[in-house]
Amino acid sequence: MKLKVTVNGVAYSVDVEVEEEQRTLGPVISMGSSPVNTPAAPTTASVQGVSSNAVVAPLAGSVSKVLINEGDTIEQGQVLLVLEAMKMETEITAPAGGTVASLPVSVGESVQGGQVLVEIG
């Protein structure tokens, strides 16, 4: 391959030989007697077990507004409460209509991702 290179204003014509590089994979590391492509055992989640009627926090934050009470009838898509995290507010809406069976959080309370915010009956 011919290249034209300019150094300090002087042009040079240069012949360059290009060799194909053979890439090799690094060493295969095996731990124990298990095959290389065996997936790891599943890990347990640190989220509390919840029922299918629970509305859970999608992120960690604090409860800034609660717009419902226990016993209220709610509709799908209705805003139930507002979480605040890093000065941003996230509206938590009802995934389905029903009655508020329990409301285990209150304004100002810190919550973790996956924590139950509302139980719908």
Side-chain angles (χ1 to χ4, degrees):
M1 172 187 310
K2 272 201 182 261
L3 296 177
K4 183 176 179 181
V5 180
T6 304
V7 179
N8 294 330
V10 179
Y12 298 94
S13 181
V14 181
D15 287 325
V16 178
E17 289 182 22
V18 179
E19 292 182 17
E20 282 194 37
E21 198 175 309
Q22 297 231 350
R23 295 185 179 228
T24 59
L25 297 176
V28 176
I29 299 173
S30 176
M31 304 196 100
S33 61
S34 63
V36 175
N37 292 329
T38 302
T43 59
T44 57
S46 61
V47 177
Q48 302 169 358
V50 295
S51 70
S52 61
N53 299 359
V55 177
V56 297
L59 49 85
S62 62
V63 179
S64 64
K65 295 177 190 170
V66 176
L67 306 171
I68 54 167
N69 294 306
E70 283 188 28
D72 286 357
T73 301
I74 57 173
E75 297 177 12
Q76 181 177 1
Q78 178 180 342
V79 178
L80 306 176
L81 50 94
V82 179
L83 291 182
E84 183 180 324
M86 297 174 51
K87 298 184 181 181
M88 294 182 62
E89 292 187 337
T90 302
E91 292 182 336
I92 306 302
T93 58
T99 304
V100 178
S102 76
L103 183 62
V105 296
S106 57
V107 174
E109 184 176 338
S110 292
V111 296
Q112 298 299 314
Q115 181 176 338
V116 175
L117 302 174
V118 179
E119 290 267 357
I120 301 173

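This chain uses plain numbering: 1 for the first residue, then up along the sequence.
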- Message: For a 4.5 angstrom cut-off between non-hydrogen side-chain atoms, does Asp72 reach Thr99?
- Response: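 Contact flag for Asp72/Thr99 side chains = no.
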
- Message: For a side chain to side chain contact (heavy atoms under 4.5 Å, CB included) check, start with the C-alpha distance between Glu109 and Ser62, then their side-chain angles and the critical distance, and finish with the verdict.
- Response: CA-CA 5 Å; Glu109 184 176 338; Ser62 62; over 6 Å; no

Looking only at non-hydrogen atoms, find the nearest pair between [X] and [Y] and report the distance.
X	Y	value
Ala60	Ala85	O-CB, 3.4 Å
Glu119	Ala54	OE2-CB, 4.0 Å
Ile120	Gly97	CG2-O, 4.1 Å
Ser13	Lys2	OG-NZ, 3.9 Å
Glu89	Ser64	OE2-OG, 4.1 Å

- Message: Between Tyr12 and Val7, is the side chain to side chain contact (heavy atoms under 4.5 Å, CB included) condition met? List the steps.
- Response: CA-CA 8 Å; Tyr12 298 94; Val7 179; 4.0 Å; yes

- Query: In terms of hydrophobic clusters joined by side-chain contacts under 4.5 Å, are Leu80 and Leu67 together?
  - Reply: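 No; Leu67 is not reachable from Leu80 via cluster members.
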
- Message: I'd like to know whether CD of Glu84 has more than 12 heavy-atom contacts from other residues, nucleotides or ligands below 6.0 angstrom.
- Response: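 Enclosed.
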
- Task: Inspect the surroundings of CD in Gln112 and state if more than 12 heavy atoms from other residues, nucleotides or ligands are less than 6.0 Å away.
- Result: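 Open: at most 12 neighbouring heavy atoms sit under 6.0 Å from CD of Gln112.
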
- Query: Considering residues at least two apart in sequence or located in another chain, which fulfil the salt bridge (charged side-chain N to carboxylate O under 4.0 Å, His left out) criterion with Lys4?
  - Reply: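 Checked Lys4 against salt bridge (charged side-chain N to carboxylate O under 4.0 Å, His left out); zero matches.
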
- Item | Those residues that, when tested against Lys87, pass side chain to side chain donor-acceptor pair (under 3.5 Å) (two or more places apart) |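 In terms of side chain to side chain donor-acceptor pair (under 3.5 Å), with neighbours along the sequence ignored, Lys87 is linked to no residue.
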
- Query: Who pairs with Asn69 by side chain to side chain donor-acceptor pair (under 3.5 Å), at least two apart in sequence or on another chain?
  - Reply: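 Once residues adjacent in sequence are excluded, Asn69 has no partner under the side chain to side chain donor-acceptor pair (under 3.5 Å) criterion.
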
- Candidates Val82, Leu83, Ile92 - the one meeting side-chain contact (heavy atoms from CB on, under 4.5 Å) with Val63: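 Considering Val82, Leu83, Ile92, a side-chain contact (heavy atoms from CB on, under 4.5 Å) with Val63 is found only for Leu83.
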
- Only one of Leu117, Val55, Ile68 forms a side-chain contact (heavy atoms from CB on, under 4.5 Å) with Leu103, so which one is it?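 So the option named by the test is Ile68.
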
- Test side chain to side chain contact (heavy atoms under 4.5 Å, CB included) on Gln115 and Val105 and set out the steps. CA-CA 10 Å; Gln115 181 176 338; Val105 296; 4.1 Å; yes

- State the CD-NZ distance between Glu91 and Lys65, to the nearest 0.5 angstrom.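 Glu91 atom CD to Lys65 atom NZ measures 8.0 Å (nearest 0.5 Å).
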
